*Asks:* 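Take this structure first; my questions come after.
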2 protein chains.
Amino acid sequence: MSLSHAILTSLLEKPCTGAELARRFDKSLGHFWQATHQQIYRELGKLEAAALLESEELPTTRGQQRQFRVLGAGRRELEEWCLRECDPRPIRDELLVRMRAAAVLGTVDVTVEMRRHRGLHEATLARYLAIEAADFPAGVPRSRADGLQRSVLLAGIAFEQAWLAWCDEALAEPEEPGTRP
Amino acid sequence: MSLSHAILTSLLEKPCTGAELARRFDKSLGHFWQATHQQIYRELGKLEAAALLESEELPTTRGQQRQFRVLGAGRRELEEWCLRECDPRPIRDELLVRMRAAAVLGTVDVTVEMRRHRGLHEATLARYLAIEAADFPAGVPRSRADGLQRSVLLAGIAFEQAWLAWCDEALAEPEEPGTRP
DNA sequence: CTCCTTTGCGCAACAAGTTGCATAATCGTA
DNA sequence: TACGATTATGCAACTTGTTGCGCAAAGGAG
C-alpha cells in the first residue's frame, strides 16, 4: 500500500490534477516508487472513496480536470503509516538472473548487456547529480525537510554509484582463466 | 517473465521437486529474484504445459513428489532469453517514500525505522559475506561459471554495503539545524 | 472551418505477486 | 496405534502492476 501513501505525500506537497501528479511522479517521488497514470487514477479514486482526499472540477480548462487535495483524515493516515514498520525490499534484477543462467548454460555472453546497463546507470547517476546540484547547493543551510529530501536523493546516487563500481569490477573479471571444463 | 527463466536456470543446475526448488530459491537465486512456493508451482505447471520441462512422479516418497527436468526446448528458450535486452529496475523502497512523507509532514521521526533498516542490511550483508567465504575461497582458481556466480553475489554485497553507508550518513545528518519554520 | 495532434481522463483485460486455506502422506512420539 | 507435526502439492481469491484502447476537449496548421 505504498502507492497510495506516495500519492498522499505528493498531493500534500501541492494539490494538483491526476495528470500533473503523474508528471511530478516521474520527476521526483517516482524515482523511488514508480507508477503509471492508470495506477495513479485508480488509487486517486480509492483514496477519494475512502474520504482521504477530495476533488474539485476545474471546468474552464482542457478535458475535465479534477484538482485533488488531501483531507485531514488523509494527513492522519499518512502520519500513522510513517510510523509503521516496513521491511526493505530485497534486490530484484533480471541482469543478475541472466548471469546465473549464463553461468549454468556456459554458452552465452552477458558482457554486452552488462556494458549496456553500465551506460544506463551512468545516465541515471548523472540525472540524480544534476538534481542534487540544482536543488541542494553546497553551503546553503537546510531545513529538516530539505535534509530528508536530500537524503532520499543521496540514496539514489549511492545505488547508481554502487552499480557502476560493480559493473566495472564484474567486467574486469578475467573472462576465461582456462579452468573451464 | 523472469521467474520462469529463473526456474529454468535453477532446474538446469540440478533437477528437483517443487518444494526443493523453493528451498533452493531461498538460499541462492532467490536473493535476487524472490518467489513463493505458489508462484513456483504455478510457473512449473505453465512451463510443463509449454513443453519446456518434463516431470516424473516419485511414488515411494512422502506426499506425491514430482521431479522436474529441463528439456532441450527449455534450454534453448533460456539461451534466447539471456541474449534479450532487459532494463534495470529502478529502486523501489518504502523507507524512502516514508522519508519524503516525513519531510512534508514535519511531525514524524523516521530515524527509528532507519536504524532498524540499518540492522537488517547489516544482517543481510553478513549472510552474503558468509556465502562468499564458503563458496569462493580466495586463492582458488575459478571457472567462468564460478566467476559469474561470484559476481552476482558481489552485487548483493555491494548493495548492502551501499545501504549501510547511506544509513550512517543519513543518520549523521544534523536533525534540527534551526532552519525549520 | 476542418482535420490532426496533444492532453486529461478512464475502462478493460491481463500478468505478476500474495495470502489463506485444503489435502494427503509420512514421521516422530507418547 | 493413535495423534500431532512436518512435508509436498495445489486451489481460490485477492492486490498490485502493465498494456492497450477509447473518448472528449482544446489548440494549431492548412
Side-chain angles (χ1 to χ4, degrees), chain A residues 1-8 10-11 15-26 29-50 53 55-68 81 86-87 89-94 97, chain B residues 1-8 10-11 15-27 29-50 53 55-68 81 86-94 97:
Chain A
M1 303 293 290
S2 277
L3 178 55
S4 46
H5 297 95
I7 288 176
L8 286 173
S10 199
L11 280 181
C16 62
T17 67
E20 202 183 325
L21 190 55
R23 257 181 276 115
R24 272 208 282 148
F25 244 72
D26 284 347
L29 241 173
H31 291 314
F32 314 105
W33 201 276
Q34 309 73 42
T36 62
H37 71 119
Q38 277 83 352
Q39 270 178 285
I40 289 176
Y41 282 124
R42 214 175 8 183
E43 215 60 42
L44 283 172
K46 284 188 202 167
L47 287 169
E48 189 169 13
L53 288 184
S55 73
E56 180 194 357
E57 293 269 339
L58 298 185
T60 51
T61 41
R62 49 169 59 226
Q64 53 267 56
Q65 302 187 47
R66 285 195 294 151
Q67 168 119 274
F68 293 92
W81 175 79
C86 64
D87 285 345
R89 306 220 148 182
I91 321 171
R92 198 168 242 232
D93 195 276
E94 281 206 24
V97 180
Chain B
M1 301 291 289
S2 279
L3 179 55
S4 46
H5 297 95
I7 288 176
L8 287 174
S10 199
L11 280 182
C16 63
T17 68
E20 202 184 325
L21 190 56
R23 256 180 277 115
R24 273 208 280 147
F25 244 71
D26 284 346
K27 286 191 203 151
L29 242 175
H31 291 315
F32 314 105
W33 200 276
Q34 308 74 42
T36 62
H37 70 118
Q38 276 84 352
Q39 272 179 285
I40 289 175
Y41 282 122
R42 211 170 15 177
E43 214 60 43
L44 283 171
K46 283 188 202 166
L47 287 169
E48 190 171 11
L53 289 183
S55 72
E56 178 195 357
E57 292 268 338
L58 299 184
T60 52
T61 42
R62 48 169 59 226
Q64 53 267 58
Q65 300 188 51
R66 285 197 293 152
Q67 168 118 273
F68 292 91
W81 175 79
C86 65
D87 285 345
R89 306 220 149 182
I91 322 172
R92 198 168 241 232
D93 196 275
E94 281 206 25
V97 180

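Order of the sequence lines fixes the chain letters, A, B, ..., with proteins taken first and strands second; residue numbering starts at 1 for each chain. Only heavy atoms go into these numbers, but all of them, side chains included; no hydrogens, no water, no symmetry mates. All values reported here derive from a predicted model rather than from experimental measurement.
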*Asks:* Figure out the CZ/P separation between Arg66(A) and dC9(C), and round it to whole Å.
*Replies:* 8 Å

*Asks:* Find the distance between CG (Asp93(A)) and CG (Asp87(B)) and round it off to the nearest 0.5 Å.
*Replies:* 10.5 Å

*Asks:* Report yes if the side chains of Cys16(A) and Arg24(A) come closer than 4.5 Å at any heavy-atom pair, otherwise no.
*Replies:* yes

*Asks:* What's the CD-P distance between Gln65(B) and dT26(C), to the nearest Å?
*Replies:* 11 Å

*Asks:* Rounded at 0.5 Å granularity, tell me how far CZ in Arg42(A) sits from CD in Gln38(A).
*Replies:* 8.5 Å

*Asks:* Provide a list of protein-nucleic acid N or O atom pairs under 3.5 angstrom, restricted to nucleotides 20-22 of chain C.
*Replies:*
residue	atom	partner	partner atom	Å
dG20(C)	O6	Gln38(B)	NE2	2.7

*Asks:* Suppose we screen for side-chain hydrogen bond (donor to acceptor under 3.5 Å, both in side chains). Which residues come up paired with Ser55(B), at least two apart in sequence or across chains?
*Replies:* Glu48(B), Arg66(B)

*Asks:* Rounded to the nearest 0.5 Å, what separates atom CD1 in Ile7(B) from atom OG in Ser2(B)?
*Replies:* 11.0 Å

*Asks:* Rounded to whole angstroms, how far apart are CG on Leu44(B) and P on dA8(D)?
*Replies:* 14 Å

*Asks:* Measure the distance from CD1 on Ile40(A) to P on dC11(C) and round it to the nearest whole Å.
*Replies:* 15 Å

*Asks:* Using heavy atoms to find the nearest nucleotide of DNA chain D for Gln67(B) and Thr36(A) separately, return the residue whose nucleotide is more 5′.
*Replies:* Gln67(B)

*Asks:* Who passes side chain to side chain contact (heavy atoms under 4.5 Å, CB included) against Ala22(B), sequence neighbours left out?
*Replies:* His37(B), Ile40(B)

*Asks:* Output the single nucleotide from dT18(C), dG8(C), dG17(C) whose closest atom is nearest the side chain of Trp33(B).
*Replies:* dG17(C)

*Asks:* Expressed as a whole number of angstroms, how long is the span from Leu3(B):CG to dG17(C):P?
*Replies:* 6 Å

*Asks:* What I'd like to find out is whether the side chain of Leu3(A) reaches to under 4.5 Å of the side chain of Val97(B), using heavy atoms alone.
*Replies:* no

*Asks:* Could you tell me which residues satisfy side chain to side chain contact (heavy atoms under 4.5 Å, CB included) with Gln34(A), sequence neighbours excluded, listed by chain and number?
*Replies:* Pro90(B), Arg92(B)

*Asks:* Expected output is a numbered-order residue list: members of residues 16-26 of chain A with a heavy atom under 4.0 Å from any atom of DNA chain C. What is it?
*Replies:* Thr17(A), Gly18(A), Ala19(A), Arg23(A)

*Asks:* The helix from dC1(C)-dG30(D) to dA30(C)-dT1(D): angle between its terminal axes, five pairs each, to 10°?
*Replies:* 10°

*Asks:* Do the non-hydrogen side-chain atoms of Glu94(A) and Trp33(B) ever get within less than 4.5 Å of each other?
*Replies:* yes

*Asks:* Evaluate the side-chain proximity of Phe25(B) to Ser10(B): yes if any heavy-atom separation is below 4.5 Å, no if none is.
*Replies:* yes

*Asks:* Within a strict 4.5 Å, meaning less than it, do heavy atoms of the Leu11(A) and Leu44(A) side chains meet?
*Replies:* yes

*Asks:* Take atom CD of Glu43(A) and atom P of dT18(D), then tell me their distance rounded to the nearest Å.
*Replies:* 13 Å

*Asks:* Look at Arg42(A) and dC9(C) and indicate whether a side-chain polar atom (N or O) is within less than 4.0 Å of OP1 or OP2.
*Replies:* no

*Asks:* To the nearest Å, give me how far apart CD (Gln34(B)) and P (dT16(D)) are.
*Replies:* 18 Å

*Asks:* Compute whether any side-chain donor of one residue and acceptor of the other, for Gln67(B) and Thr17(B), lie under 3.5 angstrom apart.
*Replies:* no

*Asks:* Just N and O in the side chain of Tyr41(A): are any of them under 4.0 Å from OP1 or OP2 of dC9(C)?
*Replies:* yes

*Asks:* Send over the distance from Lys46(A) NZ to dG10(C) P, rounded to a whole Å.
*Replies:* 15 Å

